[in-house]
Amino acid sequence: MKQVGIFGKRKSGKSALMYALTRQKIIQDAAFSAMEISGIQRVMLVDTVGVDVEDDLTAEQSAQSVEVALMLITDDSFELELAWINKLRRAGSSVIVVISQADKFDDGGKALAAAVKEVSGLEALCVSSITGAGVVELDEEINRRLSNN
Ligand SMILES: Nc1nc2c(ncn2[C@@H]2O[C@H](COP(=O)(O)OP(=O)(O)O)[C@@H](O)[C@H]2O)c(=O)[nH]1
Ligand SMILES: [Mg+2]
């Protein structure tokens, strides 16, 4: 089964996002239940401890096996995350940058997404696991990346 890994610092909202995506998958699967539609992909979501934990084995191991990697960013010190993005790409993963806990920002995370883009050239998706904003879009992007791989 294809794996999607969730990376980011501790408390960046990885586990909450995993549950939000799981709910989304269940809703989606229910809508298509009893139908065999190609393109519906079953994936394994892999949670990790935190890239800010020294020698986090869960992140190190997942980096080797995930097809798609979500890298969560919550504030403007994201050097560690950028280093991990390079590492994940070298290991062959397709990386989606997520501005996590987007409900905490007045602008829904847009300024932080712009800052990430300025430094790295990467487009980020703003997602809130609490309000659900951006979860469907993220799910769609994951599916796109999985089918392009
Ligand atoms: N406001 C807000 N809080 C969040 C969101 N996602 C997670 N949290 C909170 O942030 C804290 C850390 O979340 P958690 O998913 O455990 O982070 P992890 O350590 O990266 O797995 C918890 O108190 C969550 O309730 C979010 O989208 N919005
Ligand atoms: Mg967690």
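For ligands, and for the atoms within them, numbers begin at 1 and follow the listed sequence.
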Would you say atom 7 (C) of ligand 1 has a protein heavy atom nearer than 4.0 Å?
-> yes
Apply salt bridge (charged side-chain N to carboxylate O under 4.0 Å, His left out) to the pair Asp52 and Arg10, showing each step before the final yes or no.
-> CA-CA 7 Å; Asp52 55 335; Arg10 279 169 296 172; 3.4 Å; yes
If you scan protein heavy atoms around atom 20 (O) of ligand 1, the nearest is Lys14 NZ, 2.7 Å
Taking both backbone and side-chain atoms of Asp47, is any N or O found less than 3.5 Å from an N or O belonging to ligand 1?
-> no
min-distance protein heavy atom vs atom 16 (O) of ligand 1 -> Ser15 CB, 4.3 Å
Within-shell test, Gly8 vs ligand 1, heavy atom, strictly < 4.0 Å | no
Are side-chain N/O atoms of Asp103 and Thr131 paired as donor and acceptor at under 3.5 Å?
-> no
What do you think, any protein heavy atom under 4.0 angstrom from atom 23 (O) of ligand 1?
-> no
Would one find an N or O of Lys104, backbone or side chain, under 3.5 Å from an N or O of ligand 1?
-> no
side-chain contact (heavy atoms from CB on, under 4.5 Å) with Ser62: of Val46, Asp47, Val4, only one passes, and it is Val46
Value rounded to 0.5 Å, distance of OG1 in Thr48 from CG in Leu57 = 12.0 Å
Sorted by chain and residue number, the side chain to side chain donor-acceptor pair (under 3.5 Å) partners of Asn86 (sequence neighbours excluded) come out as none
Walk me through it: do Glu140 and Arg145 pass the test salt bridge (charged side-chain N to carboxylate O under 4.0 Å, His left out)?
-> CA-CA 9 Å; Glu140 286 169 357; Arg145 302 292 185 103; over 6 Å; no
Nearest option to atom 12 (C) of ligand 1, as decided by whichever heavy atom of Arg10, Lys9, Lys11 sits closest = Lys11
Can you tell me if Thr74 and Gln101 form a side-chain donor-acceptor pair at under 3.5 Å?
-> no
Closest to atom 10 (O) of ligand 1 among protein heavy atoms sits Gln101 NE2, 3.2 Å
Under 4.5 Å between any side-chain heavy atoms of Ile85 and Phe7, yes or no?
-> no
In this structure, CG of Leu88 is separated from CD of Gln64 (nearest 0.5 Å) by 9.0 Å
Ile130 contact mode with ligand 1 (heavy-atom cut-off under 4.0 Å) = both
N/O/S from Met18 sitting under 2.8 Å away from the Mg ion (ligand 2) = no
Answer yes or no: does an N/O atom from Ala16 fall short of 3.5 Å to an N/O atom of ligand 1?
-> yes
If you count the atoms of ligand 1 from 1 in the order shown, which ones are under 4.0 Å from a heavy atom of Ser128?
-> 27 (O)
Considering only protein heavy atoms, which is closest to atom 17 (O) of ligand 1, and at what distance to one decimal place?
-> Gly13 N, 3.1 Å
